[in-house]
Amino acid sequence: MTDPRRAIPRTDVVLADPRVAKAAATLGRELVKQVVSRTQQRARAGEIAPGAVLEEVLAGLPGGASSMRPVVNATGVIVHTNLGRAPLSAAALDAVAAAGGTTDVEFDLRDGSRASRGRGALEALAAAVPGAGGVHVVNNNAAALLLCALTLAPGREIVVSRGELVEIGDGFRIPDLLASTGARLREVGTTNRTRVADYADAIGPDTGFVLKVHPSNYRISGFTAEATVAGLAELAVPLVVDIGSGLLEPHPLLPDEPDAATSLRDGAALVTASGDKLLGGPQAGLLLGEAALVQRLRRHPAARALRVDKLTLAALEATLRGPVTPVRTALEADADELRRRAVKICEALHRHGIAGEVVSSAAAVGGGGAPGVELPSVAVSLPARYATRLRLGEPAVVGRLVRERCLLDLCAVPPEQDALVVEAVRRCG
Ligand SMILES: *Cc1c(COP(=O)(O)O)cnc(C)c1O
């Protein structure tokens, strides 16, 4: 009897296949060799026929050299932290690709001298918020707060309301972050009520600044009172306002969401925000405010450790100057239009013998902000068993399980991905 294992094609034979060789050129030889050796093992274990090895290798090759896989966000949560928060606009993606090579991020092409890093992104941010005397960009909002604490309150006190001691997620807490700089937190007021007078009583020679934090992932309702930015701006120390989501101007659909322009107009000395929540850009921390304060932040030694990559600068500038972002499009999605898309998707599924139903749904802004705000949306409802298979598909589609149904909410799915969704569901059918 011949040993069937001898029929398994050798690694060099598989690698010599032109399609595999082409993949090795883009993915790297080592990565492709790993796929080959895993496939050979499956053949040795009798899981696949020796003659199917080449085919299985080709099917098993990843789409790219990174293990991160694209996901269709059908969760109905627009800014989903676990799915990488804001998806970038096509303009921002193009900018990232262009900046990925060598680029003039810190170079003046006119005279060949050194230029200020990321000036295009900073100019775009300043233009987007004309009320800011100065702007700066760091790694994320947490880094922006860290830099404020390091610069304005080393060994001193930060006065903050007990109602605004926020845990951002994954166990990270803003009070711990601030305390890690050596600053001391001076908590004032109570969980549900804090007045300007509470802050005023706590302010003394040791105060570095007053911090107001937007409760972006929870709500305190009922018998409540909070000090306004305008009220706190009257105090004799700098007021730093962490608005969280990165709205630069008020948005009519999110009346309770603070924005940078209004906070500055109301007297905040500095505003901090994330770039990858409602702003719809890359992960970044935005700092906007009084020119002299921003300059101090920029010159702090730690600023270098918090600075952003050229890819971030490129994506941020394109987000600020470019077309409407996917996040904003999702936020403003028209429910009737979503319904029309859902009907079309269900019709296509019916043609493949799959019974999807169009159902009304409620989307959310997500960890990015606006807790409790429900956005009218529409979903394609499938039996719950689809959820796992869709998640494991290529591309992965992540929906929401509600009462034994797998809902594919279309709010955060760009229309150009509808065909992908149909195809992904069909493959699971
Ligand atoms: C999200 C958030 C943060 C953390 O922002 P990152 O950009 O993730 O560091 C801080 N404060 C508030 C109010 C937030 O909403």
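Any value given below was found using the heavy atoms of this structure, including those in side chains, with hydrogens, waters and symmetry copies removed. Just so you know, ligand 1 is whichever comes first in the structure, and atom 1 is the first atom listed for that ligand.
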Give the table of side-chain donor-acceptor pairs shorter than 3.5 Å for residues 281-289, with sequence neighbours excluded, one pair per line with atom names and distance.
{"from": "Q283", "atom 1": "NE2", "to": "N139", "atom 2": "O", "distance (Å)": "3.2"}
{"from": "Q283", "atom 1": "NE2", "to": "N139", "atom 2": "OD1", "distance (Å)": "3.3"}

Identify, by atom number and element, the atoms of ligand 1 in contact range of [X], meaning under 4.0 Å from any of its heavy atoms.
X: R85; answer: 1 (C), 6 (P), 7 (O), 8 (O)
X: A142; answer: 6 (P), 9 (O)
X: I174; answer: 10 (C), 11 (N)
X: H214; answer: 13 (C)
X: S216; answer: 12 (C), 13 (C), 14 (C), 15 (O)
X: D242; answer: 10 (C), 11 (N), 12 (C), 13 (C)

Donor-acceptor under 3.5 Å (S274 side chain, K277 main chain):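 Such a contact is absent between S274 side chain and K277 backbone.
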
Just checking, is any N or O donor in the side chain of R298 or Q295 under 3.5 Å from an acceptor N or O on the other one?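 Q295 and R298 do have a side-chain donor-acceptor pair below 3.5 Å.
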
Under 3.5 Å between some N or O of ligand 1 and some N or O of N141?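 Yes; the residue has a nitrogen or oxygen that sits under 3.5 Å from a nitrogen or oxygen of the ligand.
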
Could you say whether the N/O atoms of A284 and ligand 1 ever approach to under 3.5 Å?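 No: no nitrogen or oxygen of A284 is under 3.5 Å from one in ligand 1.
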
Partner residues of N192 under the side chain to side chain donor-acceptor pair (under 3.5 Å) criterion, sequence neighbours left out: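 In terms of side chain to side chain donor-acceptor pair (under 3.5 Å), with neighbours along the sequence ignored, N192 is linked to T190.
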
To the nearest 0.5 angstrom, please state how far the CD1 atom of I243 sits from the OG atom of S263.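 If I round to the nearest 0.5 Å, the distance is 5.5 Å.
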
Proximity flag I168 to ligand 1, non-hydrogen atoms under 4.0 Å: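 Right, I168 reaches ligand 1.
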
Would K277 count as a contact residue for ligand 1, given that I'm defining contact as a non-hydrogen atom of the residue lying under 4.0 Å from a ligand atom?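 The answer is yes: ligand 1 sits under 4.0 Å from a heavy atom of K277.
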
E226: which of R219, R193, K212 passes salt bridge (Lys or Arg N to Asp or Glu O under 4.0 Å):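 Checked R219, R193, K212 against E226; only one passes salt bridge (Lys or Arg N to Asp or Glu O under 4.0 Å): K212.
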
Between L125 and L320, is there a side-chain heavy-atom distance shorter than 4.5 Å?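 They are in contact (side-chain heavy atoms under 4.5 Å apart), so the answer is yes.
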
